[in-house]
Asker: 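Okay, here's the structure, questions in a sec.
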Amino acid sequence: MDADGYIYKPPSFRDGTYRTSPKDIPLLSRIFPSLIFYPKTILIVFRAAFKAKYSRYDYADWCKSSHGILNALEGVGIRVEITGTNHIREVDGPCVFVANHMSTLETFVLPVIVVPFKETTFAVKESLVRYPVFKHIMISRDPIVLTRTKPREDLVTLLREGTAKLKSGKSIIIFPQTTRRNYFDPKGFNSIGIKLARRAGVPVIPIALKTDAWGCGRIIKDFGKVDPSKKVCFAFGEPIRIKDRGKEEHKRIMEFITAKLQEWKQ
């Protein structure tokens, strides 16, 4: 048992797929999922932030923290389905992951999915490296920090820092939407990830995700209702090589995300 209070066993992606195993959910977790989930998550974050603050937080620790939060979600009855991780293995070297952005959940859970395959960091909005406690974790991962209010400045920063990180072998996760939404609007999904992949000469792996089981709060956006009736889904698409200006590839990514979200509604 590790310092976060659970036995760490990385998720098994058999045939590129992971699904929550059937389990008995305690009565209190079924009745009060948010009340049970958040204290566990906050404890994991505080322990991780303490290690990160003193430069003792590495990729293995990041995976353990991420897996702890995945366990906490499943512990209150949330079912998780992850498909297509075999496509990550198909890429020899770093890549750019491009995903829609729905909730806080993906920021916490994606590391345990992606990092076992590739050293990775995020392109994040500036507020995340100023957020109390959590900032220590985020800064330790050497992210690309964007304003989200100055598109031209952000593009220059992403192309400069992102290309350098990709050349060094580190993959990058990008959410092209400027804010989290529980629906997908192609008009607000920019091509910043495509531009980076084209500049660095690396493929893009699209990620479609449905994570509204972790809702957005009215007062504090990151602490919304946890709803086990909603299934959490991640789908990784086939690697896409960028040709010409990348317009067709950007269209393919949006079509992939749209199709998956429509599939998960059924």
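Sequence positions, counted from 1, serve as the residue numbers for this chain.
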Asker: Would you please classify the geometry between the Phe189 ring and the His250 ring as parallel, tilted or perpendicular, with 30° and 60° separating the classes?
Answerer: parallel
Asker: Quick check for you: to the nearest 0.5 Å, what is the distance between Lys251 atom NZ and Ser191 atom OG?
Answerer: 15.0 Å
Asker: Does the gap between the ring centers of Phe50 and Tyr54 come in under 6.0 Å?
Answerer: yes
Asker: For residues Ser29 and Ile36, report the shortest heavy-atom separation together with the two atoms involved.
Answerer: OG-CG2, 3.6 Å
Asker: Should we count OH of Tyr59 as having more than 12 external heavy atoms under 6.0 Å?
Answerer: yes
Asker: So, taking the atom named CZ in Arg252 and the one named CD in Glu238, what distance separates them when rounded to the nearest 0.5 Å?
Answerer: 7.5 Å
Asker: Between Glu81 and Lys231, is there a side-chain N and carboxylate O pair less than 4.0 Å apart?
Answerer: yes
Asker: Please determine whether a side-chain nitrogen of the Lys or Arg among Lys210 and Asp212 lies less than 4.0 Å from a carboxylate oxygen of the Asp or Glu.
Answerer: yes
Asker: Measuring from atom CG of Asn71 to atom OG1 of Thr41, what distance do you get when rounded to the nearest 0.5 angstrom?
Answerer: 10.5 Å
Asker: For the pair Lys260 and Glu263, find out whether any cationic side-chain nitrogen is under 4.0 Å from an anionic carboxylate oxygen.
Answerer: yes
Asker: Could you give the side-chain donor-acceptor pairs of residues 119-146 under 3.5 Å, partners two or more places apart or in another chain?
Answerer:
| residue | atom | partner | partner atom | Å |
| --- | --- | --- | --- | --- |
| Thr120 | OG1 | Lys118 | O | 2.7 |
| Thr121 | OG1 | Arg141 | O | 2.7 |
| Thr121 | OG1 | Asp142 | O | 3.4 |
| Glu126 | OE2 | Arg130 | NH2 | 3.2 |
| Tyr131 | OH | Asp222 | OD2 | 2.9 |
| Ser140 | OG | Ile137 | O | 2.6 |
| Arg141 | NH2 | Tyr57 | O | 2.6 |
| Asp142 | OD1 | Lys165 | NZ | 3.2 |
| Asp142 | OD2 | Lys165 | NZ | 2.7 |

Asker: Looking at Asp185 and Lys187, would you say the former's side chain and the latter's main chain have a donor-acceptor pair under 3.5 Å?
Answerer: yes
Asker: Output yes when Asp61 and Lys51 qualify as a salt bridge under the 4.0 Å nitrogen-oxygen rule, no when they do not.
Answerer: yes
Asker: Tell me whether Leu73 shares a hydrophobic cluster with Ile25, the cluster being built from Ile, Leu, Val, Met, Phe, Trp, Tyr side chains joined at under 4.5 Å.
Answerer: no
Asker: From the options Thr163, Leu166, Val91, select the one residue that forms a side chain to side chain contact (heavy atoms under 4.5 Å, CB included) with Val202.
Answerer: Leu166
Asker: Would you say Ser66's side chain and Val112's backbone share a donor-acceptor pair under 3.5 angstrom?
Answerer: yes
